[in-house]
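First comes the structure, then the notes that go with it.
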Amino acid sequence: MENKKTFKTPSFQYSLFVLLALAVSTFAGMKLFGASLNVIMFLNWLLMTVLAVPLGFSYDILEKKAAESLSGILTTLFIIFAIGGLTGTWMASGTVPSIVYYGMNIMSAKFFLPASLILCSIVSVSTGTSWGTLGTMGVALVGIGAGLGVPAGMTAGAAICGAWFGDKISPLSDTTNFTAAIVGAPLSTHIRHMMYTTGPSYLITLGLFTVLGLRVSQTSSLDTSLILATQEGIAANFHLGIPVMIPVAIVLILLLMRKNPTMALLAGSFAGILVAILYQGSTTPLAFNSLYNGFSREFENPFLASLLNRGGITSMLGTCMTIIFCVGIGGMMKEMGVIHVIVTQLAKLIRSTGSLILISEIIAYVAQMLSGSHYFSDVMLQSTMLDIYKEKRLKPENLSRLMEDCNTIGGTMIPWSSTALYIVATINVPFMEYLPYIFLCYLTPLIGLFCGFTGWGIARYKDNEEIS
């Protein structure tokens with residue numbers, strides 16, 4: 001058995017080198033060689049093994065620590081799989097199609113931009129996916145906006161802000177569940193705590209798009225052809241009405257009763273299966289298989305097909321692999337002592353809650369700029385800053401909120417991040433055209449800084465409260 005006393009403590013310089021090597025490896029692998037993030041992150045386990053040799057660590061030791069770290073997020077992985085299943089069954093039950101159908105009723109020429117923001121918010125909250133919302137509703141709205149004469153960057157900005165706002169506050173979102181889980185914050189607490197920063201940012205964003213919309217609408221008239229075609233397609237393929245909202249009610253009631261999230265989502269999925277069979281007339285195999293493989297049906301309207309054919313447990317496999325590989329690397333760096341050394345140095349720079357928030361935000365953006373991955377940045381923040389937050393008697397939801405404010409939506413502002421690359425490729429709007437209009441993405445971290453320096457919206461442990 002190896003003697004742990006023989007292990008060397010890394011210097012601060014070597015610890016920074018490890019982080020830089022990891023970031024460079026990830027960036028080069030994705031941008032120069034075109035490899036997927038999951039491929040590079042798993043190969044980075046090999047890189048960590050090499051970097052650990054000078055410190056006396058073997059791969060066996062690192063793997064054991066990675067496994068220990070992963071044991072703490074198994075619940076999160078279960079929730080994410082359940083979210084994928086829920087999405088598939090809610091498509092089959094007509095739940096999500098109905099939300100889209102009624103949401104499109106708010107569209108008008110004068111308020112096209114704010115309506116686009118709200119519609120994407122609704123769809124994203126109900127599906128838990130910003131990428132899926134942008135790839136469907138976002139694409140449609142950019143096309144409608146072009147017909148109205150609305151600049152593509154404005155429409156894209158409204159769609160992006162709505163999609164990522166909904167993703168942040170949705171209990172069905174993988175990022176929302178992940179950030180809450182890795183810091184140990186209850187999901188409901190995490191979502192409520194985000195409203196201190198996300199709420200004001202969203203209201204300001206809504207106001208800005210309303211003003212912009214009123215200006216550009218003076219020479220515009222709404223082309224309702226795509227909206228009507230989508231609504232007609234939904235009405236032709238699904239029964240609308242109160243029964244399709246039963247699965248939503250079940251999930252909300254169970255979550256409000258603080259029942260286990262995985263069980264609440266599975267109950268909602270089962271309700272969706274029953275509604276699909278009993279109300280939509282779906283075949284039993286199609287309804288049940290939508291839980292695993294997602295919803296799939298042929299539609300005459302190609303937009304409707306891209307909008308609704310999605311979900312299933314299998315749709316979450318890539319996300320879960322990313323989480324596993326990133327969290328494993330975080331566990332390895334902790335075992336090597338790299339994280340402890342960096343945290344010790346960072347603690348010397350912190351003089352107030354405001355400076356702690358500022359340093360955390362800098363780490364978030366730097367980590368994502370170097371890696372292109374918001375999951376990697378989440379792991380870096382959790383590894384380096386969580387203990388400091390607890391030492392300052394700040395509750396973990398402060399850090400999970402910051403992860404969402406800077407990482408979940410921050411990638412929209414980094415042109416080489418996986419998020420920005422997806423946006424440009426999906427809606428075909430150049431980065432520099434949509435960048436000035438993603439108001440939510442700028443405002444949220446700024447309000448987070450305001451909270452830090454004023455103390456407003458900061459959750460602290462009480463004097464007699466034990467730190468968990």
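Please read all numbers here as calculations on a predicted model, not as lab measurements.
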Report the relative orientation of the aromatic rings in Tyr202 and Phe165; use parallel for angles under 30°, tilted for 30 to 60°, perpendicular for over 60°.
-> parallel
Mind checking what makes ring pair (Phe, Tyr, Trp, His ring centres under 6.0 Å) contact with Phe325, not counting sequence neighbours?
-> Phe42
Residue pair Leu240 / Val244, side-chain heavy-atom distance below 4.5 Å | no
Take Val142 and Tyr434 through the test side chain to side chain contact (heavy atoms under 4.5 Å, CB included) and record every step on the way to the result.
-> CA-CA 11 Å; Val142 169; Tyr434 79 70; over 6 Å; no
Value for CD1 (Ile204) from CG (Leu443), rounded to nearest 0.5 Å, stands at 5.5 Å
Under 3.5 Å donor-acceptor, Thr198 side chain and Met194 backbone = yes
Tell me, do Trp164 and Ile423 make a side-chain contact under 4.5 Å, heavy atoms counted?
-> yes
Might you point out which heavy atoms bring Pro243 and Pro247 nearest each other, and give the distance in Å?
-> O-CD, 3.8 Å
Is there a donor in the side chain of Ser173 and an acceptor in the side chain of Thr175, or the other way round, less than 3.5 Å apart?
-> yes
Rounded to the nearest 0.5 Å, what separation is found between the CD1 atom of Ile234 and the OH atom of Tyr101?
-> 8.5 Å
What do the steps show when you test Lys334 against Ser383 for side chain to side chain contact (heavy atoms under 4.5 Å, CB included), and what is the final call?
-> CA-CA 7 Å; Lys334 276 189 175 181; Ser383 300; 4.2 Å; yes
For residues 269-277, which side-chain N or O atoms pair as donor and acceptor with protein atoms under 3.5 Å away, sequence neighbours left out?
residue, atom, partner, partner atom, Å
Ser269, OG, Leu86, N, 3.3
Ser269, OG, Leu265, O, 3.0

When rounded to the nearest 0.5 Å, the distance separating CG of Leu117 from CD1 of Ile122 is 10.0 Å
Got Arg393 and Arg460 here, is their nearest side-chain heavy-atom distance under 4.5 Å?
-> no
Can Asn38 and Thr322 be counted as having a side-chain donor-acceptor contact under 3.5 angstrom?
-> yes
Tell me, do Val211 and Arg215 make a side-chain contact under 4.5 Å, heavy atoms counted?
-> yes
Among all residues two or more places apart in sequence or in another chain, which pass the ring pair (Phe, Tyr, Trp, His ring centres under 6.0 Å) test with His190?
-> none
Are Asn44 and Met41 close enough that some pair of their side-chain heavy atoms sits under 4.5 Å apart?
-> yes
Correct closest heavy-atom pair for Ile182 and Asp378 would be CD1-O, 3.8 Å
Side-chain (Asn407) to main-chain (Tyr375) donor-acceptor, under 3.5 angstrom = no
Give the minimum heavy-atom separation between Ala267 and Leu254, together with the two atoms involved.
-> CB-CD1, 3.7 Å
Whether over 12 other heavy atoms sit under 6.0 Å from Leu349 CG = yes
Euclidean distance, Thr262 OG1 relative to Ile79 CD1, rounded to 0.5 Å = 4.5 Å
If only atom types and distance count, is the side chain of Thr87 paired as donor or acceptor with the main-chain N or O of Gly311 below 3.5 Å?
-> no
For Asn398 and Tyr196, does a side-chain donor sit closer than 3.5 Å to a side-chain acceptor?
-> no
Could you go through the side chain to side chain contact (heavy atoms under 4.5 Å, CB included) check for Ile409 and Ile160 one step at a time?
-> CA-CA 9 Å; Ile409 64 176; Ile160 291 167; over 6 Å; no
Any donor and acceptor pair, going by atom type alone, linking the side chain of Ser355 with main-chain N or O of Ser352 inside 3.5 Å?
-> yes
Assess whether atom OH of Tyr292 is packed by more than 12 heavy atoms of other residues, nucleotides or ligands within 6.0 Å.
-> no
For Val183 against Thr179, the heavy-atom pair lying closest together = CG2-O, 3.4 Å
So, does Thr176 use its side chain to make a donor-acceptor pair with the main chain of Lys168 at under 3.5 Å?
-> yes
Could you tell me whether Lys65 and Glu68 make a salt bridge, using a distance below 4.0 angstrom between a side-chain N and a carboxylate O?
-> yes
If you take all heavy atoms of Met316 and Ile80, which pair is closest and at what distance?
-> CG-O, 3.3 Å
Carefully, step by step, assess Cys320 and Phe81 under the rule side chain to side chain contact (heavy atoms under 4.5 Å, CB included).
-> CA-CA 8 Å; Cys320 288; Phe81 282 134; 3.7 Å; yes
Measure from the side-chain N and O atoms of Ser93 to the backbone N and O of Trp90, and report whether any donor-acceptor pair falls under 3.5 Å.
-> yes
Interatomic distance, CG@Asp405 vs OG1@Thr197, rounded to 0.5 Å, equals 3.5 Å
Can you check whether Tyr437 reaches Leu113 side chain to side chain, under 4.5 Å on heavy atoms?
-> no
Worked verdict on Phe450 versus Phe453 for ring-ring contact (aromatic ring centres under 6.0 Å, His included) | CA-CA 5 Å; Phe450 173 81; Phe453 283 104; 9.6 Å; no
Check for a donor-acceptor pair, side chain of Ser170 on one end and backbone N or O of Asp167 on the other, with a separation under 3.5 Å.
-> no
Closest heavy-atom pair and its distance - Leu346, Met385 | CD1-SD, 3.8 Å
Reported CD1-to-CE distance for the pair Ile339 and Met333, which is rounded to 0.5 angstrom | 4.5 Å
Got a sec: does the CG of Asn428 have more than 12 other heavy atoms crowding it under 6.0 Å?
-> no
Does the side chain of Val248 reach to within under 4.5 Å of the side chain of Val251, using non-hydrogen atoms?
-> no
Is the shortest heavy-atom distance from the side chain of Phe178 to the side chain of Ile323 under 4.5 Å?
-> yes
